[in-house]
Student: 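Structure provided below as structure tokens; questions to follow.
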Amino acid sequence: MALWEAILCAFLAATLGGLYLAGAFRKQRANEPPLEKGIIPWLGCALEFRRDGVEFLRRMQTKHGDIFTVLLGGSYFTFLMDPLSFGTVVKEARAKLNFTEYAEELVQKVFGYRPSLMTHKIIESASTKHLKGNGLEVMTQAMMDSLQTVMLHSLGSAEVGKPWKEDGLFHYCYNMVFRAGYLALYGNEPRKSKDAQRNDLQHSEEIYEEFRKYDRLFPRLATSTLSYGKRKEAERLKRLFWGVLSVKNVQQKDNISGWVREQEQQLAEEGMPEYMRDRFMFLLLWAAQGNTGPASFWLLLHLMKNPKAMEEVGKEVDRVVKESGQEVKPGSAVINVTKEMLTKSPILDSAVEETLRLAAAPLLIRAVMEDMQLKMNDGREYALRKEDRVGIFPYLAAHMDPEIHPEPHVFKYDRFLNQNGTKKEFYKNGEKVKYCTMPWGAGTSMCPGRFFAVNEMKLFVFLMLTYFDMELVNKEDEVPPLEKSRYGFGVMQPAHDIQFRYRLQY
Ligand code: HEM
């Protein structure tokens, strides 16, 4: 064979091998879901998906129905769009559909954290102890105290009159809830130090500013699409957080939450090196603080845009405060809202659920560990291949389904309540939909902080409505659209902020 023939053969073999690895030759087999490979080898439909995931999946759903497989950046994802069938994925044994595989890859990429075998168990058991039941009472009180500190401080002294203050509503809500949550979880400056409270306020503000820089980069960091310069910036921020939240630094604080302290201790007992535990601290901050602030923003905004909702929630808040025997008097605008009080506000509960229906858009992913059959609710069965992934995107498949939630784009504060005050059930094709909303994920990966998160949002609303008058600067401003690049990453953020003003009532 001539040399040029040998080179040509090698080139052809390499190209075919590359195309094979890129999945270009994959065909839909009998019993498999419809396949969509896009036109670019390896990337498949990744660009379209990243541009606007909702639009892309809606188009696929119209074309293929409620199950289909898509090539995205070298991996095949089977999307299940039938909410009545979610249970089969969520409850499937870990040996077949595994949550940790994909999650481990992601946390290594974005936080530099390599999970140990026990990490998930440690998070689960610490959360059961500290973010539920009696532990939740302690955490709710810590959040209450920190919220009072940051919210009342932001106004200065009430004695100098009650001037209006103006701010971006998203900035204000995220800032307040983030800083209070950070202080409640990671502790305060040692109380023996002079100016401890002032230092807490200043330090939490600095942390918030840096966190937001990372937060903005996060979606592109997770999808490996940052420019070189932005990647360097993300690396700088990551290192900054590993330092600020290092085990050594956090241990200097007073009132560290049991949730943070115990997880760190258990990882240490398991033999995890200290530098890796520093990274874990950053991962926890992200998980605990990245969603609740944006969710509180949407809740307050929807209440402000819906006078009837604001009136009903306001009446409920007043009643609960009065029933607790407290009164907000001029000059002493301080109330204490307890976990117990927060159990007596069904209207606010419904408004919180409705807010999360509209704003929470996580993408739940499971790795297929062996060739298997997926049985749909209507009896159809589909073959899944080992090493593919299964994706559930409840925002589109359930939250926005007009059959489950009529007028899905409208905020209805009492959507989740029956007239007699009990919780409503939802139906599709005449069948009850268990997974009618899934802001917290489900199954093994379900958010362990959900009870605390709801209490944080409710505390924030209790205090805002009790302490402040507030209004949008421009009452005609529409609710801003969602920032599309964040689909799949939890609670959505607005494409732009919206100005409001607030002042002390008393
Ligand atoms: C509105 C607020 C929140 C929302 C919507 C939310 C949502 C979620 C979702 C969807 C997941 C699962 C992700 C997946 O399946 O891959 C998750 C995981 C997690 N969340 Fe939340 N979360 C919120 C607040 C919180 C808070 C306040 C905490 C703790 C104080 C917390 C702690 C965690 C942790 C530690 C995980 C990872 C669990 C594990 O991998 O074992 N979250 N969250």
Side-chain angles (χ1 to χ4, degrees), residues 138-191 193-209 253-255 257 289 292-293 295-297 299-301 303-304 310 313-314 317-318 320-322 324-339 341-342 345 348 452 455-471 499-506:
V138 177
M139 278 311 305
T140 304
Q141 187 62 52
M143 183 68 190
M144 174 74 211
D145 296 342
S146 302
L147 268 177
Q148 305 262 22
T149 306
V150 292
M151 286 170 75
L152 293 178
H153 169 83
S154 82
L155 274 187
S157 162
E159 280 153 32
V160 291
K162 299 172 193 92
W164 286 102
K165 268 195 108 174
E166 203 178 304
D167 203 344
L169 185 64
F170 180 70
H171 170 264
Y172 176 84
C173 297
Y174 205 168
N175 182 280
M176 292 297 144
V177 175
F178 176 95
R179 290 166 67 201
Y182 169 70
L183 294 171
L185 289 169
Y186 288 80
N188 309 103
E189 285 288 303
R191 284 297 172 231
S193 78
K194 214 156 56 80
D195 299 328
Q197 193 183 67
R198 214 181 57 203
N199 292 344
D200 273 345
L201 288 164
Q202 194 183 329
H203 171 65
S204 61
E205 177 68 39
E206 287 162 7
I207 289 267
Y208 170 76
E209 294 300 333
K253 299 281 183 73
D254 278 356
N255 311 320
S257 68
Q289 300 301 110
T292 325
S296 303
F297 155 76
L299 174 57
L300 201 58
L301 176 60
L303 292 180
M304 289 171 85
M310 183 62 106
V313 170
V317 165
D318 284 350
V320 173
V321 172
K322 273 207 188 78
S324 74
Q326 301 181 74
E327 206 183 326
V328 189
K329 296 193 203 102
S332 71
V334 177
I335 54 164
N336 189 45
V337 183
T338 60
K339 172 179 165 247
M341 288 163 72
L342 294 179
S345 54
L348 181 53
F452 180 55
N455 279 6
E456 288 184 289
M457 292 168 69
K458 289 168 72 176
L459 282 179
F460 179 64
V461 166
F462 260 75
L463 296 191
M464 284 304 291
L465 268 53
T466 308
Y467 291 164
F468 300 126
D469 291 323
M470 63 196 135
E471 60 189 26
Q499 288 300 111
F500 89 123
R501 52 177 158 249
Y502 61 105
R503 66 174 180 194
L504 270 180
Q505 280 180 19
Y506 299 96

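This is a predicted model, so every value here is computed, not measured.
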Student: Hey, are the side chains of K165 and R503 touching, using non-hydrogen atoms and a 4.5 Å cut-off?
Tutor: no
Student: Report yes if the side chains of M143 and K339 come closer than 4.5 Å at any heavy-atom pair, otherwise no.
Tutor: no
Student: Please examine the side chains of I335 and L463, heavy atoms only from C-beta on, and report whether any two atoms are closer than 4.5 Å.
Tutor: yes
Student: Parallel under 30°, tilted from 30 to 60°, perpendicular over 60°: which one fits the rings of F178 and Y174?
Tutor: perpendicular
Student: Just wondering, do L348 and F462 contact through their side chains at under 4.5 Å, heavy atoms?
Tutor: yes
Student: Do L300 and L465 have side chains that approach each other closer than 4.5 Å (heavy atoms only, starting at C-beta)?
Tutor: yes
Student: Within this structure, what is the CE-OG distance for the pair M464 and S296, rounded to the nearest 0.5 Å?
Tutor: 10.5 Å
Student: Would you compute the distance between atom CE of M304 and atom CG of L169 and round it to the nearest 0.5 angstrom?
Tutor: 6.0 Å
Student: What I'd like to find out is whether the side chain of Q148 reaches to under 4.5 Å of the side chain of Y467, using heavy atoms alone.
Tutor: yes
Student: If the plane angle is over 60° it's perpendicular, under 30° parallel, otherwise tilted; pick one for Y172 and F460.
Tutor: tilted
Student: Please lay out, stage by stage, how E471 and R501 fare under the test salt bridge (charged side-chain N to carboxylate O under 4.0 Å, His left out).
Tutor: CA-CA 6 Å; E471 60 189 26; R501 52 177 158 249; 2.7 Å; yes
Student: Looking at OG1 of T292 and CD of E456, how far apart are the two atoms once the value is rounded to the nearest 0.5 Å?
Tutor: 4.5 Å
Student: Check for a donor-acceptor pair, side chain of S204 on one end and backbone N or O of L201 on the other, with a separation under 3.5 Å.
Tutor: yes
Student: Keeping T338 on the side-chain end and M341 on the backbone end, is there a donor-acceptor pair under 3.5 Å?
Tutor: yes
Student: As an exercise, state the distance from OG1 of T140 to NZ of K458, rounded to the nearest 0.5 Å.
Tutor: 10.0 Å
Student: For H171 and Y208, what are the C-alpha separation, side-chain angles and deciding distance, and is it a side chain to side chain contact (heavy atoms under 4.5 Å, CB included)?
Tutor: CA-CA 10 Å; H171 170 264; Y208 170 76; 3.9 Å; yes
Student: Answer yes or no: is there a donor N or O on one side and an acceptor on the other, between the side chain of E327 and the main chain of V321, under 3.5 Å?
Tutor: no
Student: Using a strict threshold of under 4.0 Å (side-chain N to carboxylate O), is an ion pair present between R191 and D200?
Tutor: yes
Student: Hey, is the main chain of D145 close enough, under 3.5 Å, to the side chain of T149 for a donor-acceptor pair?
Tutor: yes
Student: Measure the CG-CE distance between N175 and M151 for me, rounded to the nearest 0.5 Å.
Tutor: 11.0 Å
Student: Evaluate the criterion side chain to side chain donor-acceptor pair (under 3.5 Å) for residue pair N188 and N255; output intermediate values, then yes/no.
Tutor: CA-CA 6 Å; N188 309 103; N255 311 320; 2.6 Å; yes
Student: Below 4.5 Å, heavy atoms only, C-beta onward: do N455 and M144 meet side chain to side chain?
Tutor: no
Student: Got D254 and E189 here, is their nearest side-chain heavy-atom distance under 4.5 Å?
Tutor: no
Student: Distance check, rounded to the nearest 0.5 Å: M457 atom CE versus C173 atom SG?
Tutor: 10.0 Å
Student: Give me the atom names and distance for the closest heavy-atom approach of W164 to D469.
Tutor: CZ3-O, 3.7 Å
Student: For the residue pair Y182 and H203, categorise the inter-ring angle as parallel (less than 30°), tilted (30 to 60°) or perpendicular (more than 60°).
Tutor: tilted
Student: May I ask you to decide if N336's main-chain N or O and Q326's side chain share a donor-acceptor pair within less than 3.5 Å?
Tutor: yes
Student: Can you check whether L185's main-chain N or O pairs, donor with acceptor, with S257's side chain at less than 3.5 Å?
Tutor: yes
